[in-house]
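So you know, we letter chains A, B, ... as the sequences are listed, proteins then strands, and number each from 1.
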Number of protein chains: 2
Amino acid sequence: MSKKRNTTLKELSKELSLSISTVSRALNDHPDISQETKERVRKLAKQMNYVPNLFARGFRSRETHILGVIVPNISHLFTSTILKGILEEAELRGYRVIISESNNNEIKQVEMLNTMTQFGVDGVLMSLSRKTINVEEILKILNRIPIVLFDKVSSKIPCTQVVINEEEAAFNAVEHLIELGKQRIAIIKETENSYNSEKRYAGYLRALNKYGIPVRDKLILSTEDISLGNGRRLTNILLSMKKRPDAIFAITDNAAIGAIKALHKFKVKIPEEIAVVGFSNSINSTIVSPALTTVDQPGDKIGRTAVRFLIQELENPTNDVMTKTVEIKTSLIVRDSSLMV
Amino acid sequence: MSKKRNTTLKELSKELSLSISTVSRALNDHPDISQETKERVRKLAKQMNYVPNLFARGFRSRETHILGVIVPNISHLFTSTILKGILEEAELRGYRVIISESNNNEIKQVEMLNTMTQFGVDGVLMSLSRKTINVEEILKILNRIPIVLFDKVSSKIPCTQVVINEEEAAFNAVEHLIELGKQRIAIIKETENSYNSEKRYAGYLRALNKYGIPVRDKLILSTEDISLGNGRRLTNILLSMKKRPDAIFAITDNAAIGAIKALHKFKVKIPEEIAVVGFSNSINSTIVSPALTTVDQPGDKIGRTAVRFLIQELENPTNDVMTKTVEIKTSLIVRDSSLMV
DNA sequence: AACGTTTGTGCAAACGTTTGCATTGATATT
DNA sequence: AATATCAATGCAAACGTTTGCACAAACGTT
């Protein structure tokens, strides 16, 4: 039951009466080796079930073909969809993936980053923890190995960043509401200046501006923790106003669902009286009733793209920092919560 | 930007005018080394930011301190909750984790298992892909390194298995319905004989038997793919019967939600006319209305437990196969879909 | 015939760590 | 004084792979 040893190059070479180096080269398809020898070697290797010892190889070549991934919280549908994309793309290109959670804890995030580099990953894919303020440590590591950020990113870190086009997505969502004839559009966003929240807010403003709709401070609500409960709470506030809004744009599905729950309780007709739009296309958005209009973020595409850029950097190393920002397109999925005839 | 080299034992030893072996032993707290030396070494190591090269170490000792994890689908809330538990517990005990998806594909599952062992993981945690029939390859690998199965398990594989107590959980759920006074309780389960589905079905039967309620074939419905859509479809069948059931036990939340949607459409009162109980405590179960009564499966506990058993095996290797089955307790969460006053 | 070139192969070093054994000097035991 | 014991340290091998270089044989060119 204890770990048995694998076939080694040495054993193969003995069996074939060749040197270890020849066997190694034969298996690596080195041009110096004759076709005939290559075939003999490959045949025996297969027969003896030879598998290269990746540790020895990585140890020698300083390349592990392992990518590190750090995310705030793995059990979040959007995140795990991204992970799915990462896993698939990485595997396709012959890389393994090590995953870690930062639990939205900045200290732990740096710790993970450190053990990962210590461990010898070739590069790191990372979605930043909330309130990542002290980027100094991260920059230090960025000096040693390539990092690609996705989803939760920061302009303070000069590296490739893969995000959805938050601003445009929000713009489209709000424009959709305007096209329905809505004029008093409330927004539920985050208090702290997260990248995502800010961009979505910017999209909201641009849409209002484009159509000459005044921006009303009263309709702009913020919360620390953009959860279902807080969505409900803030909606209650909106409902208590003399002049109620006629639409709510929540920057996450959960908050939007909270809004729907609150509207339900007060028997407000959705979407006739107040339409609701969310953001994420989480599974819940189809389960709540009425089904929620929302922005679909193609998670797996984000993951795949991030991997592609990272590997690109790994395989064509340059000395100048890459600071490209790649924006992935989203699409608005219109459902009953904003479907008017 | 290219990978810089880390401080090595050699460099430390030169700086301290000690031999490499002494430095190594000092850092590993070997009893042969004097306290004084140990402190000198540790101090310089810290100062020079020494980190052991895990590859060299793993290479030498044949221990990587990496665990492999294979799951059918990472973006499934229950699965990612288990992963969370695995990550936390493994990290706590100084192990790294490599995660892979089998996508419910038996061939790929074996492939992943192979590359993982090839890669040198110390052990594997695995949730089986649907329709895992040919366990031969898995047994072969089980000969080389320890495997612990969780959630989707199989008695054909002699190893430690961590599961929830499916049978009892289902029993409790159905008993709850009976206590409400329900007598015609339908079940929606899977066609193929998955471990989970079978156990839950057994619990259903036991509950009926205990209370002397006849088992009616007509009320036992099966589907290949236990999805929301199929839950809806099968419920429609139930509704078309002359004598409708007065409760539905669906062996997954999604199917239960499908049932609720169907009942809604036909204006059936939940739970007065027909009560509904699901299984999983997915987020959706609180979002659907009425909120769904369901079985809470403590995912992170499953993950943690699985890791504990695996490490236990790793660190106390024996030659006899472990075939323990560990059952994790669940609890029934009663919500509106079965709340009668 | 002497010399380059090409082709295929082998030798040996290197990667960074751990560890069995040898070595040294000091101290305790007879 | 001779010997056994002990504590602290160093030497060197080993893990499996890759790779620069050397080498030998065969061939082509002058």
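- Separating the OH atom of A:Y50 from the C1' atom of D:dT17 is a distance of 7 Å, rounded to the nearest angstrom.
- Residue A:I20 contributes atom CD1, which lies 17 Å from atom P of C:dA14 at whole-angstrom precision.
- Rounded to whole Å, atom P of D:dC15 lies 13 Å from atom CG of A:L9.
- Regarding contacts with the backbone of C:dG8, every side-chain N or O of A:T37 stays at 4.0 angstrom or more from both OP1 and OP2.
- Where B:R25 and B:V51 each meet DNA chain C at their nearest nucleotide, the meeting point lying more 5' is that of B:V51.
- No side-chain N or O of A:S24 forms a donor-acceptor pair with one of A:S21 less than 3.5 Å apart.
- The side chain of A:S24 places an N or O atom within less than 4.0 Å of a non-bridging phosphate oxygen (OP1 or OP2) of D:dT18.
- Side-chain atoms of A:R40 stay outside donor-acceptor range of the base of C:dG8, with no qualifying N/O pair under 3.5 Å.
- Here salt bridge (charged side-chain N to carboxylate O under 4.0 Å, His left out) pairs that include residues 102-116 of chain A, with residues two or more places apart or in two chains, are A:K108-B:E91.
- More than 12 heavy atoms of other residues, nucleotides or ligands lie within 6.0 Å of CG in B:L92, so this atom counts as buried by the packing criterion.
- Heavy-atom nearest nucleotides on DNA chain D were determined for B:S19 and for A:N53, and the one closer to the 5' end corresponds to B:S19.
- Look at NE2 on A:H65: it is 15 Å from C1' on D:dT17, rounded to the nearest Å.
- A side-chain donor-acceptor contact under 3.5 Å links B:T64 and B:D122.
- A close approach under 4.0 Å does occur between a side-chain nitrogen or oxygen of B:R62 and OP1 or OP2 of D:dG16.
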* Structure fact -> Each base of DNA chain D marked ( ) or [ ] if paired in-strand (Watson-Crick or G-U under 3.5 Å), | if paired to another strand and . if unpaired gives ||||||||||||||||||||||||||||||
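- Among the protein residues, B:R57 comes within range of the sugar-phosphate backbone only, with heavy atoms under 4.0 Å from sugar or phosphate atoms but none that close to a base.
- At whole-Å resolution of the value, NZ in B:K10 and C1' in C:dT18 are 16 Å apart.
- Counting any heavy atom pair closer than 4.0 Å across all strands shown, A:L18 reaches sugar-phosphate atoms only and no base atom.
- A donor-acceptor contact under 3.5 angstrom links the side chains of A:T22 and A:S19, judged on distance only.
- Around the CZ atom of A:R130, the shell of radius 6.0 Å holds no more than 12 heavy atoms that belong to other residues, nucleotides or ligands.
- What separates CZ of B:F59 from P of D:dA13 is a distance of 16 Å, to the nearest Å.
- Across D:dG10, D:dT17, C:dT18, the shortest atom-to-atom separation from the side chain of B:T22 is found for D:dG10.
- Taking 4.5 Å as the limit, every side-chain heavy atom of B:V124 sits out of range of all side-chain heavy atoms of B:P146.
- Counting heavy-atom neighbours within 6.0 Å of B:H76 NE2, excluding the residue itself, gives a total of 12 or less.
- The base of C:dC15 does not come close enough to the side chain of A:S61 for any donor and acceptor atom to sit less than 3.5 Å apart.
- With no hydrogens or angles considered, no side-chain donor-acceptor pair links B:N104 and B:K131 at under 3.5 Å.
- For A:R60 against D:dG20, a side-chain-to-base donor-acceptor contact under 3.5 Å is absent.
- Formation of a donor-acceptor pair under 3.5 Å by the A:E63 side chain with backbone atoms of A:F59 is not found in this model.
- In this structure, A:E63 atom CD and D:dG16 atom C1' are separated by 17 Å, rounded to whole Å.
- We find that CE of A:M48 is positioned 13 Å from P of D:dG16, with the value rounded to whole Å.
- Residue-level contact check: A:S13 touches neither bases nor backbone, having no heavy atom under 4.0 Å from any strand.
- Of the residues in residues 27-36 of chain A, those placing a heavy atom less than 4.0 Å from an atom of DNA chain C are A:D32, A:I33, A:S34, in numerical order.
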